[in-house]
Asker: 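The structure under discussion is supplied below as structure tokens; questions concerning it will follow.
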Amino acid sequence: RRLCVRAGIDAGWVACAAISAACLAAVLAAAPNLYQSVLWQTGLITYFVPLILMTAHAGWLAGRSAPGPGRRLPGLLAGFMIPFIAGGFSETFVSVQTVGIAAALGAAVLLRRGESRRRITPLLLSGLLGSLLALAIVALAPGNAARAGLMPEPPGLGLLLQRTWQDTYVFGARMVRGQPLSLAAPFAAAFAVTLAGLPGEPPMGRERWRAAWRWCIGGGAAGLGALGMIAAAMAPSEYALSSYPDGRIVFTAVYVIVLAAALGGAILGRVTRLLLPEPSARLAGALSLLAAMALVTGVALGAVRSGRGI
């Protein structure tokens, strides 16, 4: 809910819970191997728990970036420790987390202004330092040298980048072709809630177009950040095994792309509210709400079928 409030969306707990439920159902339905990711204890701890920590960290950052009193040193310490602890769960997650925080820091520096940037930038910087330290510890762990003798020779940087982007493309194609409902459901739910939760009249004249353009730029930056995070989920497997990652590892990329779809729906809802007149925006919101309900139902049934198939 803090993320909705920081985006200027007057959404209650029920509406935010609906978006969360849509994202959760979509992730579970699209999981390549639900047993390894959620039900197997090792996979649950290694790949599922850090996603919870990352989500909590994002909500905490949204709350800390809001105007108001706050103690600086404890905030910086918490901003460092949460990514540091979460990064120790797996090399896949710490790579994804590092890229995500770096992208958020770059967006904050380039796109935010005034008090908001002053409050959020130090927290993101401390989080990036914590994630980098966790990445260094994971990379330099003594067990890596013992396992290296059992693995193929690591590829060079050029070949690693090529294979990583190939895996990223394959993953995206599989999601779009094989799991379209898992992307459409959170997108439609976020779009409907955003249209319904934006208070008051939008700005008039050129300011309306400027605001819409700023949101489009922010959406493009978020999309690039999500693309980098998905690539970061693929890179460790290509480096260590020279192969496409297993299903329990791809689960992290599924989580990222589902949240990116929800964020895209929220941004499109914001732009729609800015550009369409009030009656048209309300009609679009009502139709998208009906579509979201149908899509979420379909995705939830898919998640149930995936669970029964284990």
Asker: Could you give the distance from CG (Leu77) to CD1 (Ile82), rounded to the nearest 0.5 Å?
Answerer: 9.5 Å
Asker: Apply side-chain contact (heavy atoms from CB on, under 4.5 Å) to Thr252 and Leu51, showing your working.
Answerer: CA-CA 8 Å; Thr252 303; Leu51 297 178; 4.1 Å; yes
Asker: How long is the gap from OG on Ser131 to CD1 on Ile85, to the nearest 0.5 Å?
Answerer: 12.5 Å
Asker: Are Leu135 and Ser95 side-chain neighbours, meaning at least one heavy-atom pair lies under 4.5 Å?
Answerer: yes
Asker: Under the side-chain contact (heavy atoms from CB on, under 4.5 Å) rule, what do Leu44 and Gln41 come out as? Steps first, then yes or no, please.
Answerer: CA-CA 5 Å; Leu44 174 69; Gln41 183 179 8; 5.6 Å; no
Asker: Same hydrophobic cluster for Val170 and Val258, using side-chain heavy-atom links shorter than 4.5 Å among ILVMFWY?
Answerer: yes
Asker: Distance-only, no hydrogens or angles: does the Arg117 side chain make a donor-acceptor pair with backbone N or O of Ala108 under 3.5 Å?
Answerer: no
Asker: Quick one: closest heavy-atom pair of Pro83 and His57, and the distance?
Answerer: CG-CE1, 3.6 Å
Asker: So, for Met234 and Pro245, which heavy atoms are closest and what is the spacing to 0.1 Å?
Answerer: SD-CG, 3.4 Å
Asker: In Å, rounded to the nearest 0.5 Å, how long is the span from CZ of Arg119 to CG of Leu61?
Answerer: 12.0 Å
Asker: Do Ile230 and Ile249 belong to the same hydrophobic cluster, where Ile, Leu, Val, Met, Phe, Trp and Tyr are linked whenever their side-chain heavy atoms lie under 4.5 Å apart, directly or via other members?
Answerer: no
Asker: Quick check: is Ile137 connected to Met81 through a chain of hydrophobic side chains (ILVMFWY, heavy atoms under 4.5 Å apart)?
Answerer: yes
Asker: Would Gln166 and Tyr169 count as a side-chain contact (heavy atoms from CB on, under 4.5 Å) if you check the C-alpha gap in whole Å, the side-chain angles of each, and the deciding distance to 0.1 Å?
Answerer: CA-CA 5 Å; Gln166 287 176 347; Tyr169 173 80; 5.8 Å; no
Asker: Assess the residue pair Tyr255 and Phe48 against the criterion (side-chain contact (heavy atoms from CB on, under 4.5 Å)); give the C-alpha distance rounded to whole Å, side-chain angles, the decisive distance to 0.1 Å, and a yes or no.
Answerer: CA-CA 10 Å; Tyr255 179 84; Phe48 191 83; over 6 Å; no
Asker: Of all heavy-atom pairs between Pro236 and Ala232, which one has the smallest distance, and what is that distance?
Answerer: CD-O, 3.0 Å
Asker: What distance separates Arg248 CZ from Asn33 CG, expressed to the nearest 0.5 Å?
Answerer: 8.5 Å
Asker: How long is the span from the SG atom in Cys23 to the CG atom in Leu28, to the nearest 0.5 Å?
Answerer: 11.0 Å
Asker: Please determine which of Leu129, Leu125, Leu123 meets the side-chain contact (heavy atoms from CB on, under 4.5 Å) test together with Leu76.
Answerer: Leu123
Asker: When rounded to the nearest 0.5 angstrom, what distance separates CZ in Phe251 from CD in Gln36?
Answerer: 12.0 Å
Asker: In this structure, would Tyr35 and Val254 fall into the same cluster of hydrophobic residues linked by side-chain contacts under 4.5 Å?
Answerer: yes
Asker: Give me the atom names and distance for the closest heavy-atom approach of Leu160 to Ala235.
Answerer: CD1-O, 3.9 Å
Asker: Nearest heavy-atom pair of Ala262 and Ala190: which atoms, and what distance?
Answerer: O-CB, 3.0 Å
Asker: Please answer: with hydrophobic residues joined when any side-chain heavy atoms are less than 4.5 Å apart, are Leu259 and Val38 in the same cluster?
Answerer: yes
Asker: Using a 4.5 Å cut-off on heavy atoms from C-beta on, say whether the side chain of Thr98 contacts that of Leu132.
Answerer: yes
Asker: Testing the basics here: between Pro32 and Val250, what is the closest heavy-atom pair and its distance to 0.1 Å?
Answerer: CG-CG1, 3.7 Å
Asker: Give me each pair satisfying salt bridge (Lys or Arg N to Asp or Glu O under 4.0 Å) with a member in residues 155-184, each pair once, sequence neighbours excluded.
Answerer: none
Asker: Counting heavy atoms not belonging to Tyr239, are there more than 12 under 6.0 Å from its OH?
Answerer: no
